[in-house]
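The structure presented is a predicted model; accordingly, all values stated were derived computationally and were not measured.
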Amino acid sequence: MKPTVGITMGDAAGIGPEIIMKALGHQEVYYNCNPLVIGDAKILERVLPVIGSSLKVNAIHEPSEAKYEFGTVDVIDLDLIPADLEYGKVSAVAGDAAFQYLAKAIDLAKKQHIHSICTAPLNKEALHLGGHLYPGHTEILADLTDTEDFSMMLTTPNLRVIHLTTHMGLIDAITSINPERTYTVVKLAHDTLKKAGFENPRVAVCGINPHAGENGLFGNGEEEEKLQPGIERAQQEGINVVGPLPADTLFFRAGRGDFDIVVACYHDQGHAPIKVMGIEEGVNITVGLKGGIIRTSVDHGTAFDIAGKNIADDKSMLAAIRSAIELAPKAQI
């Protein structure tokens, strides 16, 4: 039985609707899963002439009404967006709708009507204007699933990165890192790859400072205080983890195959290498959600500057859907 993947529409003023409809124009998607969009039917319909697609939109209210046939896109129609919403503009209505699509998808996943969630991008400013004060998708997912220990994982065909911290200022990020968080994320990385079929995942942890502190030459002992105890605890449990290692060479080593996953200490330390090495096929995965809920996402933003112009590429969306299929809990299917 094929998994049902819930695909949230994201910010309606961005490229989300376009890349969803482009991705669902590939028949291979329907060979491997039952895609179910959660969004606004009229917004999906209005992008069809933009991208030159002959797809049909099937507006429904319950998953049981879906056809799951190539050529027809099934959408749980929440009907939240005006048909004349302007492309490329930040708006409270689109920000609120993006939140509501995700909340609906989480509800469907909890009820096992869908087996995994794949999200199109939202806009953080619009999200806040809409009354939802979250840094991004990951934090919404954690809150609505009552999850405390979670992390963001990014993948490309040649690199996997998981983060100790994500959407916070650099000073705050470094302050918040501690041995418990280091251990937790190392274990999340190990466990996630084990479930994906890696026999003995090779985990490497970045240092916080240049050259991983150079034995106290740089920084104030952050590696020894915040990272090393968590790494040693994981090692004592049999996890194959090393570090902290200098980030400037670690990503090169991981890219050539020395390690299966890198633990990054803060947002840009992990995001920059991923986007250099494969932004077009980058996938964002939320790891550790309660209930075994799997969420994948494109690794790019709403791209307001090109929305509605048929420029947006669907490679990352296709990669995110493939990851959602691969990671869907098999016991539920």
Less than 3.5 Å apart, which donor and acceptor atoms pair up between the side chains of residues 248-257 and the rest of the protein, not counting sequence neighbours?
unit_1: T249; atom_1: OG1; unit_2: P246; atom_2: O; d: 3.4
unit_1: R253; atom_1: NE; unit_2: D258; atom_2: OD2; d: 3.3
unit_1: R256; atom_1: NE; unit_2: D258; atom_2: OD1; d: 3.2
unit_1: R256; atom_1: NE; unit_2: D258; atom_2: OD2; d: 3.0
unit_1: R256; atom_1: NH2; unit_2: D258; atom_2: OD2; d: 2.9

Note to self: So which atom in P201 and which in K194 form the shortest heavy-atom distance, rounded to 0.1 Å?
What the structure shows: CD-CD, 3.7 Å
Notebook entry, point to check: Is the backbone of A103 close enough, under 3.5 Å, to the side chain of D107 for a donor and an acceptor to pair up by distance?
Noted result: no
Margin query: Would you say that I177 contacts T165 through its side chain, given a criterion of any heavy-atom pair below 4.5 Å between the two side chains?
Written below: yes
Check: Are L154 and V283 side-chain neighbours, meaning at least one heavy-atom pair lies under 4.5 Å?
Finding: no
Notebook entry, point to check: Just wondering, do S176 and K226 contact through their side chains at under 4.5 Å, heavy atoms?
Noted result: no
Check: In chain order, what residues pass the side chain to side chain donor-acceptor pair (under 3.5 Å) check against D143, with sequence neighbours excluded?
Finding: Y134
Note to self: Does the structure place the NZ or CZ of R233 under 6.0 Å from the centre of the six-membered ring of Y183, at an angle of no more than 45° from the ring's axis?
What the structure shows: yes
Return a table of donor-acceptor pairs under 3.5 angstrom between the side chains of residues 42-54 and protein atoms on other chains or two or more places apart.
unit_1: K42; atom_1: NZ; unit_2: D40; atom_2: OD2; d: 3.2
unit_1: K42; atom_1: NZ; unit_2: D79; atom_2: OD1; d: 2.4
unit_1: K42; atom_1: NZ; unit_2: I81; atom_2: O; d: 2.9
unit_1: R46; atom_1: NH1; unit_2: A83; atom_2: O; d: 3.3
unit_1: R46; atom_1: NH1; unit_2: L85; atom_2: O; d: 2.7
unit_1: R46; atom_1: NH2; unit_2: L85; atom_2: O; d: 2.9
unit_1: S53; atom_1: OG; unit_2: L55; atom_2: N; d: 3.1

Notebook entry, point to check: Do any N or O atoms from the side chain of T147 and from the backbone of K290 form a donor-acceptor pair under 3.5 angstrom?
Noted result: yes
Margin query: Name the residue from L164, V263, V241 that meets the side-chain contact (heavy atoms from CB on, under 4.5 Å) definition with T182.
Written below: L164
Checklist line | ring pair (Phe, Tyr, Trp, His ring centres under 6.0 Å) partners of residues 158-178, not counting sequence neighbours, each pair once | finding: H163-H271, H167-H267
Check: Is Y31 isolated, or which residues cluster with it under the ILVMFWY side-chain rule of less than 4.5 Å, directly or via members?
Finding: none
Note to self: Is there a side-chain contact between L144 and L141 in this structure, where contact means two heavy atoms from C-beta onward sitting under 4.5 Å apart?
What the structure shows: no
Check: Just by distance, with hydrogens left out, do D96 and Q100 show a side-chain donor and acceptor under 3.5 Å apart?
Finding: yes
Check: Between L318 and V29, is any pair of side-chain heavy atoms under 4.5 Å apart?
Finding: yes
Next item on the list: Please test C265 against L227 for side chain to side chain contact (heavy atoms under 4.5 Å, CB included), starting from the C-alpha separation and ending with a verdict.
Entry: CA-CA 9 Å; C265 294; L227 302 177; 4.1 Å; yes
Margin query: Run the side chain to side chain donor-acceptor pair (under 3.5 Å) test against H113 and tell me which residues pass, sequence neighbours left out.
Written below: none
Item checked: Shortest non-hydrogen contact from I19 toward D314 -> O-CB, 3.8 Å
Next item on the list: Any chance you could measure L289, atom CG, to T286, atom OG1, to the nearest 0.5 Å?
Entry: 5.5 Å
Notebook entry, point to check: Is the backbone of Y30 close enough, under 3.5 Å, to the side chain of K2 for a donor and an acceptor to pair up by distance?
Noted result: yes
Next item on the list: For D11 and N123, test the side chains for any donor-to-acceptor distance below 3.5 angstrom and give the result as yes or no.
Entry: no
Next item on the list: Considering non-hydrogen atoms only, spot the tightest contact between D260 and N200 and give its length.
Entry: OD2-O, 4.1 Å
Notebook entry, point to check: Just checking, is any N or O donor in the side chain of E18 or N310 under 3.5 Å from an acceptor N or O on the other one?
Noted result: no
Notebook entry, point to check: How many angstroms lie between CG in N158 and CD1 in I274, if you round to the nearest 0.5 Å?
Noted result: 9.5 Å
Check: For I325 and V5, what are the C-alpha separation, side-chain angles and deciding distance, and is it a side chain to side chain contact (heavy atoms under 4.5 Å, CB included)?
Finding: CA-CA 7 Å; I325 295 167; V5 177; 4.0 Å; yes
Note to self: Could you report the tightest heavy-atom contact between A23 and M317, atom names first, then the distance?
What the structure shows: CB-CG, 3.7 Å
Checklist line | Shared-cluster residues of L133, by chain and number - hydrophobic side chains joined below 4.5 Å | finding: none
Note to self: Going by side chain to side chain donor-acceptor pair (under 3.5 Å), name the residues that satisfy it together with D191, two or more places apart in sequence or in a different chain.
What the structure shows: K187
Distance-only check: which donor-acceptor pairs under 3.5 Å involve side-chain atoms of residues 62-73, not counting sequence neighbours?
unit_1: E65; atom_1: OE2; unit_2: H61; atom_2: N; d: 3.4
unit_1: E65; atom_1: OE2; unit_2: E62; atom_2: N; d: 3.0

Notebook entry, point to check: Do R160 and V262 come close enough that some side-chain heavy atom pair is under 4.5 Å?
Noted result: no
Item checked: Counterpart residues, side chain to side chain donor-acceptor pair (under 3.5 Å), relative to T192 (two or more places apart) -> none
Check: Same hydrophobic cluster for F198 and I261, using side-chain heavy-atom links shorter than 4.5 Å among ILVMFWY?
Finding: yes
Margin query: Has S151 got a side-chain atom pairing as donor or acceptor with V185's backbone, closer than 3.5 angstrom?
Written below: no
Note to self: Check whether K22 reaches the backbone of A312 with its side chain - one donor and one acceptor, N or O, closer than 3.5 Å.
What the structure shows: yes
Checklist line | Sidechain-backbone polar pair: S116 side chain, A324 backbone, donor-acceptor under 3.5 Å | finding: yes
Item checked: Transitive ILVMFWY cluster of F218, excluding itself - 4.5 Å side-chain cut-off -> L217
Check: Run the side-chain hydrogen bond (donor to acceptor under 3.5 Å, both in side chains) check on S323 and T296 step by step: do they pass?
Finding: CA-CA 7 Å; S323 291; T296 70; 5.8 Å; no
Margin query: Side chains of K104 and I76, heavy atoms from C-beta outward: is any pair under 4.5 Å?
Written below: yes
Next item on the list: State whether the side chain of Q269 and the backbone N or O of G207 hold a donor-acceptor pair below 3.5 Å, judged by distance alone.
Entry: yes
Next item on the list: Can you see which heavy atom on I114 is nearest to which on G6, and at what distance?
Entry: CD1-CA, 3.9 Å
Checklist line | Evaluation steps, side chain to side chain contact (heavy atoms under 4.5 Å, CB included), between Y101 and L80 | finding: CA-CA 9 Å; Y101 303 149; L80 298 173; 4.0 Å; yes
Next item on the list: Take V205 and V242 through the side chain to side chain contact (heavy atoms under 4.5 Å, CB included) test and state the conclusion after the steps.
Entry: CA-CA 6 Å; V205 180; V242 297; over 6 Å; no
Next item on the list: Output yes when a side-chain donor or acceptor of E222 lies under 3.5 Å from a complementary backbone atom of N220, and no otherwise.
Entry: yes
Margin query: Side chains of R295 and N284 only: does a donor on one sit below 3.5 Å from an acceptor on the other?
Written below: yes
Check: Got L188 and T184 here, is their nearest side-chain heavy-atom distance under 4.5 Å?
Finding: yes
Note to self: I need the Q235 CD to E232 CD distance, nearest 0.5 Å.
What the structure shows: 6.5 Å
Margin query: To check you understand the geometry: which heavy-atom pair defines the closest contact between A303 and I15, and what is its length?
Written below: O-CG2, 3.6 Å
Margin query: Heavy-atom count check: over 12 atoms from other residues, nucleotides or ligands less than 6.0 Å from N215 CG?
Written below: no
Item checked: Co-members of the apolar cluster containing F304 [side chain, <4.5 Å] -> V90, L129
Margin query: Quick check: is F150 connected to V287 through a chain of hydrophobic side chains (ILVMFWY, heavy atoms under 4.5 Å apart)?
Written below: no
